[in-house]
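A quick write-up on the structure given underneath.
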Amino acid sequence: MQACIFCKIVAGEIPATVIERDDDVIVITDVNPQAPTHLLVMPVQHFANLNAFAEGANDIVVAHLFAVAARLGASAGKESADSPGGYRLVVNTGANGGQTVAHLHVHVLAGRHMTWPPG
Ligand code: AMP
Ligand code: ZN
């Protein structure tokens, strides 16, 4: 996807702070962080959002995406003397879901208390 900003990050065509990457998933820091830790976990392959998956067809990619997100969330949101710990994963999907970049990504938010309901 030539016009996709996250595909350009995957390709190294625009800069980003890359936390880790493997063959299937890349993790970057969000440029406009909404919490002390705000990471974006995305597939290397372009998928517009969760609706782009036929159930069953890419389950391994989806599972890997969430496994990486959960590991990083648990690490960043570890319980300490100062914090009870915890984290939030968010996948905004479509316009009403608040999605602004059409390349699937899981937000990993940690380091502060999250409120509910979301806005
Ligand atoms: P969403 O609104 O769920 O589609 O999330 C898109 C996220 O991507 C927002 O939190 C933006 O701050 C973030 N973002 C947009 N452009 C970049 C970029 N070049 N590098 C890192 N994060 C970005
Ligand atoms: Zn893309």
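Both counts, for ligands and for their atoms, begin at 1 and track the order of listing. Below, each value reflects all heavy atoms present in this structure, side chains not excepted, and no hydrogens, waters or symmetry copies.
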- Task: Find, among atoms of H46 that are N, O or S, the one nearest to the Zn ion (ligand 2), and state its name.
- Result: ND1
- Message: So if I count the atoms of ligand 1 from 1 in the order they appear, which ones are less than 4.0 Å from some heavy atom of L40?
- Response: 8 (O), 13 (C), 22 (N)
- Task: For F6 and L104, run side chain to side chain contact (heavy atoms under 4.5 Å, CB included): C-alpha distance rounded to whole Å, both residues' side-chain angles, the deciding distance at 0.1 Å, then the answer.
- Result: CA-CA 9 Å; F6 286 174; L104 175 64; over 6 Å; no
- Query: Excluding sequence neighbours, so at least two apart, what forms ring-ring contact (aromatic ring centres under 6.0 Å, His included) with H38?
  - Reply: H107
- For atom 2 (O) of ligand 1, the closest protein heavy atom turns out to be T100 OG1, 2.7 Å
- Query: Is the shortest distance from a heavy atom of V91 to ligand 1 less than 4.0 Å?
  - Reply: no
- Query: Any idea which N/O/S atom from H103 gets closest to the Zn ion (ligand 2)?
  - Reply: ND1
- Answer yes or no for A16: is there a heavy-atom contact with ligand 1 below 4.0 Å? no
- Using a 4.5 Å cut-off on heavy atoms from C-beta on, say whether the side chain of V27 contacts that of V68. yes
- Query: Under 4.0 Å from any heavy atom of I28, which atoms of ligand 1 are there?
  - Reply: 21 (C)
- Query: Taking the minimum heavy-atom distance to atom 3 (O) of ligand 1, which of M42, H103, H107, Q99 ranks first?
  - Reply: H107
- Please work out whether any backbone atom (N, CA, C, O) or any side-chain heavy atom from C-beta onward of V90 is under 4.0 Å from ligand 1, and answer side chain, backbone, both or neither. neither
- Query: Should one rank D30, V106, I5, N32 by closest heavy-atom distance to atom 11 (C) of ligand 1, which comes out on top?
  - Reply: D30
- Query: Can you tell me the protein heavy atom closest to atom 1 (P) of ligand 1 and the distance?
  - Reply: H105 NE2, 3.2 Å
- Within a reach of under 6.0 Å around CD of E55, are more than 12 heavy atoms found that belong to other residues, nucleotides or ligands? no
- Message: What I want to know is whether H38 and ligand 1 share at least one N or O pair that is separated by under 3.5 angstrom.
- Response: no
- Message: Which of the numbered atoms in ligand 1 are under 4.0 angstrom from any heavy atom belonging to T29?
- Response: 21 (C)
- Query: To which of V31, L39, I9, I14 does the heavy atom nearest atom 22 (N) of ligand 1 belong?
  - Reply: V31
- Note on the structure: Contact region, Q34 to ligand 1, non-hydrogen atoms below 4.0 Å, reads neither
- Message: Please determine whether residues L39 and V62 belong to a single hydrophobic cluster, defined as Ile, Leu, Val, Met, Phe, Trp and Tyr linked transitively by side-chain heavy-atom distances below 4.5 Å.
- Response: yes
- Would you confirm whether T93, through its side chain, and V91, through its main-chain N or O, come within 3.5 Å as a donor-acceptor pair? yes
- Is any side-chain heavy atom of R21 closer than 4.5 Å to a side-chain heavy atom of V10? yes
- Query: Among protein heavy atoms, which lies nearest atom 8 (O) of ligand 1, and at what distance?
  - Reply: F6 CZ, 3.5 Å
- Task: Please confirm whether the backbone N or O of Q34 pairs with a side-chain atom of R112, one donor and one acceptor, at under 3.5 Å?
- Result: yes
- Atom CG of D22 with >12 non-hydrogen neighbours under 6.0 angstrom: yes
- Message: Quick check: do F47 and N49 have side-chain heavy atoms less than 4.5 Å from each other?
- Response: no
